[in-house]
Amino acid sequence: MTAPTTLDDTGDDAAAPAPDAAPDLLTVENLRVWFGTTEVVKGISFTARPGRCLAIVGESGSGKSVTARTLVGLTGANSRMSAERIDLAGVDLTRQSDRSWRSIRGRDIGFVLQDALVSLDQLRRVGDEVAEPLRLHGWGNKRRRAERAVELLDAVGVPEPELRARQRPYELSGGLRQRALIASAIALDPKLVIADEPTTALDVTVQAQVLDLLAASKTRGTSIILISHDLSVVARLADEVAVMRRGEIVEFGTAHQVLHAPTHDYTQHLLDAIPSEHTRGTRLLRPPEGTTEGPRTRRPVDRDRPVVQARNVSKVFRGPDKINRTVVDDVSFDLYAGETLGIVGESGSGKTTTARITLALLEATSGDVLLHGQPWSDIPTAASRPLRKQIGIIYQDPLSSFDPRWPVGRILSDALATGSRPPSSKAEAQERAIRLLEQVGLSDKHLTTAPLRLSGGQRQRVAIARALAPEPGIIVCDEPVSALDVSVQAQVLDLLTELQDDLGVSYLFISHDLGVIHHVSDRILVMKSGKIIEQGDADDVFQQPQHPYTQRLLTALPQLAQA
Amino acid sequence: SSSSGAAESGGSTPVQGGTITYAHVQEPSCIFGGWIQQAYISRQILDGLVTEDDNGAIKPWLATAWTVSPDGLSYTFTLKSGVKFTDGTPVDAAAIAWNFDLWENHSGNASAKVSMDPYYKSAKALDPTHVKITLNKPFPQFLRLITQGYYGIQSPTAFKSRTRQENCEKPIGSGAFKVKQWKRGEEVVLVKNPNYTSWPATAKHHGPAIVNEVDWKFVADGVSRYASLTTGQANVVYQVPTSNWTDAQQKYQPIRFITPGKPVSFNLNTKQGVFTDKLVRQAFAYGADRKAAVKAGFHGVIPYEGNPALDQATPDYNAQAAQAYPFDQAKANALLDRAGWRKGAAGIRTKNGKRLTVRLVYGSGYVLTKEGETVLQILQEQWKQTGFEVKLIPATQAEGFSGKYSSPSTYDATPEYWCNSSPAVLWIVWRPTTKAAPNYNNESFYNNDQLAKTIQQANTEQDTAKAGQLYQKAQQVVQDNAVSIGLYPQTSLYAVAKNLKNVWLEKSQGEPVFSDAYFTK
Amino acid sequence: MVIAAASLTFLAQLLMPGDRATALMNVQTGQQKRWTAAELAPVNKEFGFDRPLPVQYLHYLGGLFRGDLGTSYTQHRPVTQVIGGQLAPTLILTLGALVTAWVLAVAITVLTVKRTRAVSALGSTWEALTASLPNYWVGVVLLVVFAVKLPLFPVIGGSNAWGTVLPLATLAIPLAGFLGQVTRDELEKVLDQPFVTTARTRGMSDTAVRLRHALRHAVLPAITLSGWALGALVSGAIITENIFARPGIGQVLVTAVNTRDVPTVSGIVLVVAVAYVVANLLVDVAYALVDPRLRGRS
Amino acid sequence: MTVSPLPTAGARLVRLDRLRIRPSTAVSLIVVLWVLLATIAPDLLTNRSPTAIDLGGTMQAPSWNHPFGTDQAGRDLFTRVIYGARQSMGIGLGATALAMVIAVLLGFTAGLAGGFLDAVITRVVEVTFAFPALLLALLVISVRGPSQATELIAVGIGSAPGYARMVRGQVLNVRQAAYIEAAAALGHNRWTVIRQHLFPNAMRPLVAVMTLGIGQSVVWASSLSFLGLGVPPPSSEWGALLDAGREYITTSWWLEILPGLVIIVVALAATSLGRTLQHKLEGAAS
Ligand SMILES: Nc1ncnc2c1ncn2[C@@H]1O[C@H](COP(=O)(O)OP(=O)(O)OP(=O)(O)O)[C@@H](O)[C@H]1O
Ligand SMILES: Nc1ncnc2c1ncn2[C@@H]1O[C@H](COP(=O)(O)OP(=O)(O)OP(=O)(O)O)[C@@H](O)[C@H]1O
Ligand SMILES: [Mg+2]
Ligand SMILES: [Mg+2]
């Protein structure tokens, strides 16, 4: 499969300064890092220039963060580093005393850590945290620093900066925290800012704001090293891109070149795996070498046969402050046999709550849900129990949905036993469990593995296998891929579409990732503050969004094409 | 072999004033009462009518003289004149009579009462300096009995006008010291009575106390107590741990006092259980080397006492009876065989399917010290060899006080002592129980009319020699019937710093006397 | 809750086997025998033991609300006075021990956590060792070493400052080990937190990172446990007061339990319960001071 | 990130390596095993009798013949310590088990029932928690008289409230876990969910806490014995040994110091094992 032809080749290269205009600020040559005896960074070289952004991309565990931390001398315990050269504006970073490192950190290099939401001290005021580099490097007096912190917060676009400075991180939303962290990193106007995954876990709208912010400091002449595994994010900001894989840089070039005309297979593989409207109805991963795959035929949706009908469902929660909050507000929808109904919406908009009501795991405050046209959500639990085999769920976080004591085999045979065709013997249960595992691309050797020892993608697949075991006609998928990186995500999405095509399963598919939703859904519900504000055919919603919120969501969505 | 007095004066220069720090063991809840722990401290504050000297002779104290009527039924005491309680009221005949009435009729002091019962009849003030005590029957031991600390004379005015709390914490007497402050849990601070005039005839100097204060500390832990002396924080300590006694003898003035009365001896339950059979009781007595056990447990400091009825410091002690039941396992085995107890599994004897089990209940920490418990453990091991299965059951003070182990169904043997200066203690312990008058002090539940009669005769016999013979006979009866088995006398071990002279012990119960003591430079 | 604790104790003791009047007579005479009804009658009358139990209980409860804890059976004075006189030494001892333990625990953890292998091992071994030390053993050993063999401290120091040093150490050392273990675990975790790394990327020194950022987070579990530790400290105080012949509630309690002095035992339980409630309030306050996240809640 | 499959050959070796037994854990294990052996078969560790007296050889300092010396009745202290393990550990294990049973009953009822019953039980637990454990023990002993059973009950009841709190918290915690809902979503009934998932998972972290508790219980029990409220003689329960040895500390130090060290070492080993277990379980849970 080739790169999507729709990728816009024009880009906006012209806006960026000419690649060779400025001298290198940072030069890294042949950097190697070991943890114990394992080498995790295997001799990489790159350069960063003032006013330009170098992006390091690559899948999880490829060594991006380790490289970044090494640049500020904080590789970590038990680590060993060697490099032919690490040079920051004439200063040799390979030989620095602890004391001189301290004077470089924060002043010459600003660092935004990967885990933004927990990178501010929860117990201290935001203003103090932002001003900390100022204090550490002897900038101004206490009062001036406080003022400066407010200015910085204002500069990174934090509304009501005086108030925010007096609040503590837990009182701020994720986006505000991320911005405060950036404010702290650029407080002393360092020559180099390293931002490690500055936008993961942010809603698309907030993500856009953060990227704008970094773009702004780039225009002021700061050199930025951006680390991300999200290529569409990179496309928006980077001038150069280094693709890392297993500790090596496999491809390095201008953003445009790497994202639109990759030379390395791996880069291509990454690009392909990104779900979007263009990938609908296709496999995201190339079929294994040697197998040829015919065009897949999508099973038609049976519009006459609604399997789930939610009618005017509302849910009110009483908070610890004794205030009632309507979390799901008059939600109605139908899910038809063989259909995928996508639900999108920002965090806290009531998606999971809706899913749990649909599964009758949570009682609705008002309204009800029908299953195959029969009462379902408001019948006694004893009566609903036999019906449960018809509807399954894949949890957002599969790991916590497994009893940590049970190995995969037991999890599956337990699920099999609840189905309509419970296995009659141990041997049969085992055999069927193995078949399930094979279906999701695992094998019998995983039967005895504890869920904890599985990788994220494997866990997700076991969760799917469990959902499939009772052979339900309906599966509720709550953010099934949010925790996975693109390649594993692609693997999982491919499996789900395959199952739908083969078995005619219906999905209620929840995600906040518009690309994923667009890739899998036939129809889409958009939720905001508990209400469905828009619903319709996937293409209609994406192409002609009616509701202003949906429109905002879509414009904020970064596109590869921006590179 | 008691030596109550360790002061050899001379050498260094005496000093007037100073504070004696005395480390005692137990803290009583009130200063005055019928517990020996109370007698120790109230002896400092309250004076008695008469006292006893080292030879056992009765000597004047508040009473300068006394006459006994020929029928032995009335005692007329002449009081020292001009003596005042520390509240300023006079120590007159009326006050003495009131005190006797308090003890006998108003639960003033149960130990005082039980010593006089049933002989006491009434007390009457003849004039301010003469008081007459009338008895029901002649009771020559009466004088000796009232030398005990329980008979301290208190000011009736104070007693009646003050609250119970004040009477409990600061009894008013005419003694050499008075209570200044009681820091509960720590110490009682005694200050000298500057107007003291009523020292006993046994006093070593005339006049108020030489030191200004006595800090009467309570230090329950033996190691700390002895250490307080070795580090110089205390000048006198009570109950030196026996393992430190040799050291104390070298470095300090040691005083060992054997308290007269019933020694620590095992009272055997004759009413229920294995010890209803005399042969078994005798076998029990023969079955263990009590002498060696006492020697080991107390590191040779406390003597063995073979006489269960009275100890060697008590007048009319029967030394002959003390020789009975030497350690003889062969004899013990023979007696048990004769009684029908046969050796069974693991060497424990059985009879009719019942094991020869002895529940030995003892007051842990308050009747027996740790050393005493060691003695029990040694004995237990030896008794095992003759086929007794002895179960040691420690009773906490709470259990003891609550009377949990006081009925015949609760134990087979229990060690107990009774400090008393007179052989008349035999009556307290061995008076038979009758419906009308149960004797709960008779822990062997042993009713023996012959024994009762002998003791009663002895108590009323006015001829001292005859009385002595009767008391000795009574001891022999107790021993012959093996209703109690002797172990060791209640012994007090004091150590006094070398620079403190003239600390001596009162004869009847061994309370330390600080009114004559002085420091030297 | 406080009243419930005292009532429960009072009732439990009333229902305990054994007669209170007998116990009192025996306490007064140092015996352990039975007494005749005639001998017991005056005692029963004086303390009202002859009244039905519910009446006695209601009477006690009524007193409680008037702030009257009753009169000690054995000391013949108000329980408030019995306890009042002994409260200060115990409070000084327990609170002093708590503070000392904190200082020790914090100092040792901050100095040894995540240092070189040897130093860290030393710190954690010290904590594990001291946390396993029984109070009484520490007490006896300290007494023998520092008061008897090397007479630096008084053996029978009573309640003065110098005499408080050893009892304080007796209570504080095991507690410091315990708090230290908890703080160490937490500090180890916190030092791995991203916000700590962030602080380092700003150029902060290791010591500053520990003191300014990490410590505050690391002490939170130990603060929570301090409320619980109070119960352990009171238990420890009973033992410590016993060894060092120190006045205090612990000694009174043991005696009162032994002599079945019901009002005194109940009174002490009441005081301990109050102390427990107060301590937990203080813990909450301290927690909220250190962790403002809790302030908004509840 | 994927876990690379283990090579089949040498898998055993790899597993062993996975256990990563640190030397301190190994020592703790050895100590605990030694104590267990002493508990089960003391006669394998010594051929003397713990009560055999020798009035000719009292108060002997430690020597080859008597590694811990002899006491005031000439009994071999080493033998007494070994035989005392049964009582000490019996109380330690028994008290912890008793505390656990009480705690599980209360904690589960409170945690599962919720509402009024929860409130009542939580109150009761709070009230008893306010009692210093030693006071509870004193009260129990003053009623029942000292014996091994009493000591076990006293220590057990004294430590139950703490565990009960923990169990309740754990139940509330596990009840929220997604796998509980997942089991319900599969159509299991309430009791199956409680039996298969809630109970075992709520109890899991308590295993480590119990190991910690055993060490503490041994120390507690010895504290009671030290106050003279423990197991009656001639038992050589460790606390009783200390109680007996205390008055000889200045004259025959070994009688106090050596049994004390044994208690400390055992408590230390139990604690360190408990903590290792705790870390393992915590690590496994995250
Ligand atoms: N402190 C450490 N000790 C041991 N190994 C480590 C440590 N930190 C990172 N590694 C290993 O180094 C490798 C690279 O990790 P790194 O955090 O750089 O990945 P990454 O590319 O940032 O991945 P992600 O996208 O998930 O953040 C991984 O295999 C990781 O397991
Ligand atoms: N059991 C509950 N009690 C009280 N409030 C709840 C409960 N469950 C959810 N909520 C609240 O309901 C709101 C919606 O939650 P829900 O989990 O449905 O959101 P979501 O759309 O799934 O968000 P996300 O994308 O973060 O998963 C949130 O504000 C949440 O705090
Ligand atoms: Mg990373
Ligand atoms: Mg959700």
Side-chain angles (χ1 to χ4, degrees), chain A residues 59-62 355-356 359-362 381-382 384-406 410-411 414-420 443 445-446 449-458 463 466-467 469-470 472 476 478 484-485 487-488 491, chain D residues 1-9 11-12 14-15 17-20 22 112 114-115 170-208 277-286:
Chain A
E59 66 183 348
S60 187
S62 55
R356 292 177 66 209
L359 279 151
L361 290 171
L362 191 70
T381 35
S384 69
R385 216 170 280 137
L387 302 176
R388 289 213 170 274
K389 51 181 171 272
Q390 299 172 14
I391 180 163
I393 177 164
I394 303 170
Y395 282 90
Q396 180 164 4
D397 171 14
L399 181 60
S400 67
S401 75
F402 297 134
D403 188 322
R405 297 169 311 119
W406 283 12
R410 177 138 189 225
I411 291 169
D414 179 58
L416 281 167
T418 63
S420 42
S443 72
K445 76 171 182 252
H446 294 107
T449 317
L452 244 133
R453 298 217 182 279
L454 297 172
S455 74
Q458 289 170 327
R466 174 173 66 180
V476 176
D478 188 2
L484 308 180
D485 71 54
S487 40
V488 182
Q491 204 179 340
Chain D
M1 197 179 10
T2 51
V3 171
S4 55
L6 297 171
T8 14
R12 251 211 147 81
V14 176
R15 287 264 164 73
D17 186 53
R18 274 261 178 88
L19 281 176
R20 252 183 280 133
R22 286 178 306 158
L112 287 177
Q170 200 55 39
V171 169
L172 291 181
N173 213 357
V174 172
R175 223 163 64 142
Q176 314 260 311
Y179 56 82
I180 297 292
E181 191 177 286
L186 280 174
H188 287 302
N189 72 36
R190 192 177 153 85
W191 285 114
T192 315
V193 176
I194 291 176
R195 188 169 44 80
Q196 290 200 333
H197 299 286
L198 197 119
F199 185 79
N201 281 297
M203 292 305 291
R204 224 161 87 103
L206 295 175
V207 175
L277 220 62
Q278 208 170 25
H279 285 167
K280 281 257 149 75
L281 289 177
E282 258 174 27
S286 60

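Just the heavy atoms: all of them, side chains too, but no hydrogens, waters or symmetry mates, feed the values below. Chain letters run A, B, ... following the sequence lines, proteins first, then strands; residues in each count from 1.
Of all the listed residues (A:S384, A:A469, A:S401, A:A360), the one sharing the greatest number of non-hydrogen pairs under 4.5 Å with chain D is A:S401. Counting heavy-atom pairs closer than 4.5 Å to chain D, the top residue among A:I411, A:I391, A:L387, A:D414 is A:D414. Note on D:N189, D:I180, D:V174: by heavy-atom pairs under 4.5 Å with chain A, the leading option is D:N189. No other option in A:L359, A:D403, A:T418 has as many heavy-atom pairs under 4.5 Å with chain D as A:D403.
At a heavy-atom cut-off of under 4.5 Å, chain A is reached by D:Q196, D:H197, D:P200 from residues 191-200 of chain D, listed in order of number.
Here the side chain of A:R388 pairs a donor or acceptor atom with the backbone of D:A184 at under 3.5 angstrom.
Just one residue in the list A:P404, A:P451, A:S400 forms a side-chain contact (heavy atoms from CB on, under 4.5 Å) with D:Y179, and that residue is A:P404.
Taking both residues in full, the closest heavy atoms of D:G187 and A:R385 are given as O-CG, 2.7 Å, listed atom of the first, atom of the second, then distance. Minimum interatomic distance between A:Y395 and D:A185 (heavy atoms only, all atoms of both residues): OH-CB, 4.3 Å.
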